[in-house]
Amino acid sequence: MRNRVMIVTVALLLASSGPAMAQQQSATPAAATPTSGSIDFGFRASSIDGDKARWERYRDLRDGALSRISFGKETDQYIFDTKVDNIGYHDQRYEVNYNNSGKVKFTFLWDSTPLNYSYDSSTPWVEQSPGVFTLDPATRLLVQNNTPGIVAVPTTAAQLATPSIYRSLAKPFDIQARRDAASFSATFAATKDLAFNVAFNSTRKTGHEVKGASFAFSVADQLPLPLDNRTNDFTAAAEWMNQRGTIRVAWDGSWFNNNIHEFLFDNPVRATDTNPYNPSGYSNGQGAAQSRMAAPPSNNMNVVSAMGLYKMPGRNTVNAQLSLTSMNQNDELIPWTSNQVINSPAVFANFPALARLPRSTAEAEVRGINALFNFTSRPNRFFGLTMRYRYNDHKNNTPHFDGVEYVRLDAVPEETGSETEQFNIKQNTFDLNGTFNLMSHTALRIGYTYDDFKRTGRAFSDSTDYTFRTTLDTLGNQYVTLRVIYENAKRIGTGFSEQSLEDGGFQPGLRTYDESDRVRNRGWLVFTVTPTSMVDLTLSVAAGKDKYHGPGHEFGLLDNKNTVYNVGLNVNPLDKVRFGANYGRDQYTSNQKARNASPPGTDYGTWFDPNRDWFLNGDETVNNATVYLDLIKAIEKTDIRVSYDYSDSNNAYIYSGPRIQELSTNRALSGPSAILYPRFTIPSPCAAGLTSCFEALPAITNTWQRFTVDLKYMFAAKVGVGLGYWYEKFVVTDYATVDLPGQPGTPRIDYLGLISTGYGNRPYKGNTGFLRILYLF
Amino acid sequence: MLSSRYVTRAGLSIAGLVAGLSTAGLVAVFSLCGPARAAAGRPQIRAVKPAVAQQPGEYVGQDTCLTCHEQQDYKGTLHARTSDERTPAATKGCEACHGPGKGHVTGGPEGGIDKTKIVNPKTLKPQESSEICLTCHTRGTHALFTGSQHDQRNVGCVTCHSVHTPKGEKQIKAATQPELCATCHRNIVNRLYRFNHMPVREGKIVCTNCHNPHGSANVKLLKTGTTVDEACTSCHSEKRGPYLWEHAPVVNACVTCHDPHGSNNERLLVAKVPFLCQRCHVTSRHPPTVYDGFPLKNSASANRLVGQGCVVCHVQIHGSNAPSGKYFHR
């Protein structure tokens, strides 16, 4: 169907295109012509080994006809152009632009973007209706009744030898999503100085995405949950400008509507609600037969803003913006639980709050204020000053919701919950920079930023970043361009509340890295040498280190370091010849600390035992390279473009610390808690017969390569032929992707503690060929 | 008694807000009641002095310029639209931006060429050359350029744009935006080639879908909203909330957990799950448990390592609207 549509469209265009001058395909603006355009029509065929969905990812590369059409008309009064790509494919794009002497401007865009997760996935659940997933009831009953020989969700290595009964029920299911966006914008210049702008954008998301939908610690499930939502955005603005200034007022509205309010899904290990409820049901899956989960709620956001710019005498400029934001979400709330055993008077007698919801809808709202003020002064050629102040207030006015009593994973009622906690953030930023023009085209800038955050609901009520920076920019010299920046930032938190950590069950020595004290040093240098106009060589180096520390800071992210090197060469010896290469190496390391412990007050004493500490070092190294060659009419009538891209990553996680040592040597814990061990069996962490029960995870590696060749030969002034070839290869090793034993690339959906869709990171290799006819008019 | 630090901060906050509001108001007043606007069809070059002072009005006309500078014609661009009275072509042509040309054409020795008597943006400091463009381009997305991050770093209009020999859309100096931005931000552009990435290399979005390089009221030159979250949720609206149960790092900023430019971890995360979560969730029981190769192969705890890890149970990690959603299960 898509091929027929495309062929008919192209034929119609060819028949209707009038005489016109030829137009260059490149983006370089051509001389004004009455009408112009191009039709690029052809065919594509591919062969793929491996994960085809990953190969396509954001593209639709099915075999068949392909098209790229552009058409433009320019007169003294208006410019009109339109572009069309990939008619009929999931990544099709249509664009129209119209400009009438600047008085009326109009743009329209329709753009589809697929997101292809997997074509090799499967699921035993059946989607009865959008968001409702059921399992075969007879099978569930067999599992519930502990029928011998049946494995549902494997929980031990021994059980992995037996396929889950759900594997046999699983049906193949492509997991794909798509984003279709239509946007329209119009600007009307009422006068030379006054313009009005309206814009409308509507984005629809459909398809499925991979999501969890779990019942217990040992019964985690992954489902292809459906997407069916739409976001409509509307903007209206008026702008007035004269020689001295500009003022703009605008209203932006956004409405997200989700046609799916909730998800319902069957429990693979229960056909009926466990009766009476099992206090460990959240751990072993003995809970509800069916669970309910809230889908992302419909919401809206409105922003009114005013922006002004004024050019003062003496080369001083001020600009400022003020915006007021309102976000609302008032979806109907789903019940506490889907478990009918828990929804009963017997349970309500002990958990009275579960008898009804405190309120029926979310009543969630956020109000925001943002103000920005910039003052720039350049009183002479030697000195410039920029001052900036920014204020941002994010205030959540959602009424508290009493969730002290709640139902965990639809299995167990508990009163270990809490009231909802809304997080407010108020930010004040003051930034001052002085620029000294040391010599011609060389500027030294020294700056300071004070950035203060006041937060509620966090461990620190206040954290402030004090940043000093210096930059050196030398440019305008035809041979050398140099840009250097160095920043030192210190973040200090105040108003620390150990109670807030305790309320969250956190170790008192934890500091979350987005608010903890931190010292940051980072620098970056870009150096470009242009010995002749035909050659440029660029070297860039960046390095940064964050160290998270502060009084009492013991756990969490402790530090991270990043180093990037890049060297690139571009050579353009003739207008017709360009080639170049670029190599980059990026290394990122991080260090975090945790303690593997039972809660405080329990008998093991591990909460305070430093022998339970462990560290994790992340070490990621990425190498990437690009090479290209463009021969534009170097051979008569022929354009040739060749490129090669490469990216290689090695990501290792390295464990250390006393807890790791203990696990590795398979011995009981040391320290005070060891005294308790004769009384408890749990602290022996290793299964009998194993000599070691810590095993380092393998590094996650991937290598991606792409080679493309495109050849275009114009055998007549307006007609040409094109040949293209793509080679793309992706190799990956990832322990988190599970395949069937002896069948690499074939997903295993029934793994330890999990019934999944089989989605993962798998390799592919693809070869694609193109043949095109090009017609210019 | 409030400490002086708090008083100072409060004072700064209030002062700043008042300054911002006052300035916006002043700007409105000055803009509306300012000097009479220039006669229609004559945008002035403001505050840029040619290399040598010239008598105003000593224009020679575009055709004279093109006698020598034929290659510098700008036909086919919006600047050349004579029907739009605001454009250079509708006013003084080349001299609308380069200044009166008479001194350049006849001011040299024996009445010849004098290269110093014309405005050449290439030889000006970036901020000075930008002032030429900002004579007209101060509305819409360009209004906050002065004082913006790029302006402060001497990245002027002509650093990225070319009036005469553009290679890409919007008259940029490269065929594509990533190619242009990579001139300085190579380390960011390199991330686009990681196997989890936004669809930039597929041609579906470009840098300016998220950023406004000309200046913005948001951080990091994000063009939409006033916080990182507002920018991201302008497309990912399902994450916008607000939710009944919020997850603190989500409210703080999406970039606490995600790298929007590209990552070798699933879902553009900055680290692999569960290790990312374990940077903050140092509690008791399963969150800070050591997850390594042993549970991966031997116990149900493998579900914290494979697939989506923690998020296979804590699925509503961006926030939950379920009454029982405290731990983001529902």
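The model shown is predicted, which means the values in this text are computed figures rather than measured ones. Throughout, a chain's letter reflects where its sequence line sits, starting with A, and its residues are numbered from 1. All heavy atoms count here, side chains included; hydrogens, waters and symmetry mates do not.
- Both the backbone and the side chain of F506(A) come within less than 4.5 Å of a heavy atom in chain B.
- The pair R458(A)-D514(A) meets the salt-bridge criterion, since a charged nitrogen lies less than 4.0 angstrom from a carboxylate oxygen.
- Of the two parts of F423(A), the backbone and the side chain both hold a non-hydrogen atom closer than 4.5 Å to a non-hydrogen atom of chain B.
- In terms of non-hydrogen atom pairs under 4.5 Å with chain B, the most contact-rich of V407(A), V564(A), T435(A), V366(A) is V407(A).
- Using a 4.5 Å cut-off between heavy atoms, K297(B) touches chain A through backbone and side chain atoms alike.
- Between chain A and the options D229(B), V155(B), T82(B), heavy-atom pairs under 4.5 Å are most frequent for V155(B).
- Put simply, of H314(B), R191(B), R304(B), H318(B), the one with the most heavy-atom pairs under 4.5 Å next to chain A is R304(B).
- Judged by distance alone, the side chains of N196(B) and N264(B) never bring a donor and an acceptor atom under 3.5 Å apart.
- Of the atoms belonging to F730(A), it is side-chain heavy atoms, and not backbone ones, that fall under 4.5 Å from chain B.
- Interface remark: Y327(B) contributes side-chain atoms only to the contact with chain A (heavy atom separation under 4.5 Å).
- Your options are H281(B), E266(B), H286(B), and the one with the most heavy-atom pairs under 4.5 Å with chain A is E266(B).
- By number of non-hydrogen pairs under 4.5 angstrom with chain B, the leading residue of L754(A), T337(A), L333(A) is L333(A).
- Chain B forms the most heavy-atom pairs under 4.5 Å with one residue out of I425(A), T398(A), V526(A), T156(A), and that residue is I425(A).
- For the options T113(A), T376(A), T420(A), T155(A), heavy-atom pairs under 4.5 Å to chain B are most numerous at T420(A).
- With a 4.5 angstrom heavy-atom cutoff, Q422(A) touches chain B via backbone and side-chain atoms both.
- Of the listed residues (I660(A), D111(A), T325(A)), the one with the most heavy-atom contacts under 4.5 Å to chain B is D111(A).
- By the side-chain contact (heavy atoms from CB on, under 4.5 Å) test, S320(B) pairs with W245(B), Q316(B), A322(B), F328(B), sequence neighbours left out.
- For the pair S299(B) (side chain) and S301(B) (backbone), a donor-acceptor distance under 3.5 Å is present.
- The salt bridge (Lys or Arg N to Asp or Glu O under 4.0 Å) test applied to R388(A) returns no partner, not counting sequence neighbours.
- Counting heavy-atom pairs closer than 4.5 Å to chain A, the top-ranked of the candidates R186(B), K326(B), Q278(B), E202(B) is R186(B).
- Remark: the D331(A) side chain and the N321(B) side chain contain no N/O donor-acceptor pair separated by less than 3.5 Å.
- For a residue to count as touching a neighbouring chain, one of its non-hydrogen atoms must lie under 4.5 Å from one of that chain's; by this rule T123(B) touches chain A with the backbone only.
- Although no hydrogens or angles enter the test, the distance criterion places no donor-acceptor pair under 3.5 Å between the side chain of Y58(A) and the main chain of D91(A).
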Show your reasoning for whether ring pair (Phe, Tyr, Trp, His ring centres under 6.0 Å) applies to F294(B) and F694(A).
CA-CA 6 Å; F294(B) 180 77; F694(A) 169 78; 9.6 Å; no
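- Among D410(A), V732(A), N229(A), the residue making the largest number of heavy-atom pairs under 4.5 Å with chain B is D410(A).
- Side chains of N433(A) and T386(A): a donor-acceptor N/O pair is absent below 3.5 angstrom, by distance only.
- With 3.5 Å as the limit, one finds no donor-acceptor pair spanning the side chains of Y389(A) and N374(A).
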